[in-house]
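Residue numbers begin at 1 in each chain, while the letters A, B, ... track the order of the sequences. All of these numbers come straight from a predicted model, not from anything done at the bench.
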Amino acid sequence: MTDFDNLIIDSIGDLKRTHDCGALTLKDTGSEAVLMGWVNTRRDLGSLIFIDLRDRGGITQVVFDPLVSGEAHEKAQVLRNEWVVAVKGVVEKRLQENPDLSTGQIELKVSQVKILNRTETPPFQVDGAVDASETLRLKYRYLELRRPQVFSAFFKRHMIASSIRQYLNNEGFIEVETPFLTKSTPEGARDYLVPSRVNKGMCYALPQSPQLFKQLLMVAGFDRYYQIVRCFRDEDLRSDRQPEFTQVDLEMSFVDEEGVMAIFEGMMQKIFREILAHEVALPIKRISYHEAMDRFGTDRPDMRFGMEIKDVSDIAAKSDFKIFKGALESGGKVKAINVKNGGGYFSRKKIDELSSFVAGHGAKGLAWIKVTEDGWQSSLDKFFGPEDKALLVSRLESGPGDTILIAADREKVVNDALGALRIEVARRLDLIGGGYSFVWITRFPLLEYNETEKRLEAVHHPFTSPLEEDLQYLDDHPDKVRARAYDLVLNGAEIGGGSVRIHNTALQERIFRILGISQEEALIKFGFLLEALKYGAPPHAGMAIGFDRLVAIMAGVSSIREVIAFPKTTSATCLLTDAPSRVDEAQLRELGLRPDML
RNA sequence: GGGGGCGUAGUUCAGUUUGGUUAGAACGCCGGCCUGUCACGCCGGAGGUCGCGAGUUCGAGCCUCGUCGUCCCCGCCA
């Protein structure tokens, strides 16, 4: 055992760090340098000790040679991985270069070493070849963040934020902070509530987004606002959803959707160019919500690959296949995707797996056709005549070796199932190439009927302006009304969305009425907005992007937890701090809460 | 709220199919040797409530039930 208790920890003294561990090069040969950092690895050859010293800038090999300094060499014998040291010495060209290190041409011959801190044996190896479990990595998050490749994602995040601020500042936007302790709103996600001590029995809500405040800033004449801001939603988590997350939020006056979309296109082009040296081709293509649903079964299509969904209801109607006919007779659809050269992949077992996959999305089954030189290999073979077979194959642009997958059900279910299946199959067959595929989704429906609540809801949010040409349907066919809303989709992930807002009190009140929000309730919940709209509200529009999602895609990681310094688990706890936790009864009483309720 | 995966030395895993003597490996850790290593090498050593709790059994890491944690997905997320 190392005698930790008697080990002397040095003070930093008058040593000043001259470089970081990635900075020294051949040009520095012969000069003296002082480095400080963590022991990444140690190679003790007896009378010669090598240490790879690491800080956030990189790794430099330092050498302890008794011929240079016996004292330093003696001291270096106790060093272990992750100890914190300062070393002073002369930069020398290496006898043998290490091409794996950016500093691999040089090393530091140590004349003086200070042990600044030691470490307990870490729960996992910071410089480990194998990864520890995420549970452990989150509990000791500060150790994981010490890893160079993890740090690099956060550096990238910083650079992207910095680039966005620079861009928006140049475009005439000003950053304004809006309250975190604010008012609960009835629409949308579940709120995080904060009980008020001064006003017992009452609660603030943490904002789901600064939506209403930024609209008020437009009424105030701020003209162009932005904020890189934390938002809070008390909903279940996913790999791309955390209870607190960051938005790049902005709002503009005297513009329509074109003005907002142009700003974001410019922003994407700039950050992809500066951070990834990737050129985003402008303008970003646009498709309507309906087109997205028809072609991809989702409002966030991944357009890096084809395999689009085709409606084959008309052909299926002529077949004798009961399941198809049944679905069509009850108003449903029959749709299909064609998997190019899928024949080799789709064994009985794989098809069964995919059938249960679509079952998870509500579909009752999955029909399949293997197209061969000699015709169909399929249980559907006998239900279709030769002409209809040819028609179906040509509709799907299918050919020998391909496999056609078909679903029949209500249109929503078919779209859901095939939309998800399209992604699943592409993943399994590795059809999703690299690169970045942006698309705008426009003309969303304004309203949607919520089966559970038995009432109409805003698809986007209740402040979204309807398309003027659709206003005529507002009372009689509210489902036909389209919104002046737009989503930005990147590689199949919704990274942002926005809309032209309602700036007219009468229309806003009318929308609330259609949403079943009584005049009284609207006044209580949104009275301040309705009032503000009366005092010269300019036309305005805005948008917000999910910054964590954007950074995750740009950093090439699969979960936003990788780009959040201290993220929460899927049960919304923090393994590092152990939040949330019980609080003293006295604290609860002070808030007017009864301890027995918790 | 529902479905699925995982839980065994400090860490990552094997062992669970077919219950059976003392639960293994690699990395890490500790000690020794080594002057050009860079995943250094060589020799030796320590280290386990098999997530937790019940049950079945002569006997459970392995079978059953429950429970907790974590991850993925559906619902949910204007």
Side-chain donor-acceptor pairs of residues 53-65 of chain A under 3.5 Å, sequence neighbours excluded:
{"from": "A/R54", "atom 1": "NH1", "to": "A/N40", "atom 2": "OD1", "distance (Å)": "2.5"}
{"from": "A/R54", "atom 1": "NH1", "to": "A/E82", "atom 2": "OE2", "distance (Å)": "3.3"}
{"from": "A/R54", "atom 1": "NH2", "to": "A/E82", "atom 2": "OE1", "distance (Å)": "2.7"}
{"from": "A/R54", "atom 1": "NH2", "to": "A/E82", "atom 2": "OE2", "distance (Å)": "3.3"}
{"from": "A/D55", "atom 1": "OD1", "to": "A/C21", "atom 2": "N", "distance (Å)": "3.1"}
{"from": "A/D55", "atom 1": "OD1", "to": "A/G57", "atom 2": "N", "distance (Å)": "2.8"}
{"from": "A/D55", "atom 1": "OD1", "to": "A/G58", "atom 2": "N", "distance (Å)": "3.4"}
{"from": "A/D55", "atom 1": "OD2", "to": "A/C21", "atom 2": "N", "distance (Å)": "2.9"}
{"from": "A/T60", "atom 1": "OG1", "to": "A/C21", "atom 2": "O", "distance (Å)": "2.6"}
{"from": "A/Q61", "atom 1": "OE1", "to": "A/R43", "atom 2": "NH2", "distance (Å)": "2.9"}
{"from": "A/Q61", "atom 1": "NE2", "to": "A/E107", "atom 2": "OE1", "distance (Å)": "3.0"}
{"from": "A/D65", "atom 1": "OD1", "to": "A/L67", "atom 2": "N", "distance (Å)": "2.9"}

What's the gap between [N] and [M] when it is taken at their [atom1] atoms, as a whole Å value?
N	M	atom1	result
B/C68	B/G53	C1'	10 Å
B/U70	B/A23	C1'	25 Å
B/U64	B/U57	P	16 Å
B/U22	B/C50	C1'	16 Å

A/T573 side-chain N/O to B/U70 phosphate OP1/OP2 under 4.0 Å
yes
Short side-chain N/O contact from A/T569 to OP1 or OP2 of B/U70, under 4.0 Å
yes
Measure CG/A/D127 against P/B/U12 and give the value in whole Å, please.
16 Å
Separation of B/C30 P from A/Q77 CD (nearest whole Å)
14 Å
For a quick check of understanding: with a heavy-atom distance under 4.0 Å over all strands, which category does [X] fall into, base, sugar-phosphate or nothing?
X	result
A/E107	base
A/R561	sugar-phosphate
A/K139	nothing
A/T464	nothing
A/D234	nothing
A/V63	nothing

Should A/K214 and A/H540 count as side-chain neighbours, where that means a heavy-atom distance under 4.5 Å?
no
Counting Watson-Crick and G-U wobble pairs only, both distances under 3.5 Å, name the nucleotide matched with B/U64, or none.
B/A54
For the residue pair [X] and [Y], does the interplanar ring angle fall in the parallel (under 30°), tilted (30 to 60°) or perpendicular (over 60°) class?
X	Y	result
A/Y140	A/Y142	perpendicular
A/H361	A/F357	tilted
A/F444	A/Y289	tilted

Write out a two-atom table: protein N or O, nucleotide N or O from nucleotides 5-10 of chain B, distance below 3.5 Å.
{"from": "B/G10", "atom 1": "O2'", "to": "A/P123", "atom 2": "O", "distance (Å)": "3.0"}

Does A/N450 or A/T135 map to a spot on RNA chain B nearer the 5' end, using the closest nucleotide for each?
A/T135
Return the 5'-most residue of the pair A/D52, A/E134 with respect to RNA chain B, ranking by each residue's nearest nucleotide.
A/D52
Are A/R300 and A/E494 ion-paired here, with the side-chain N under 4.0 Å from a carboxylate O?
no
Under 3.5 Å: donor-acceptor pair, side chain of A/R549, backbone of A/I560
no
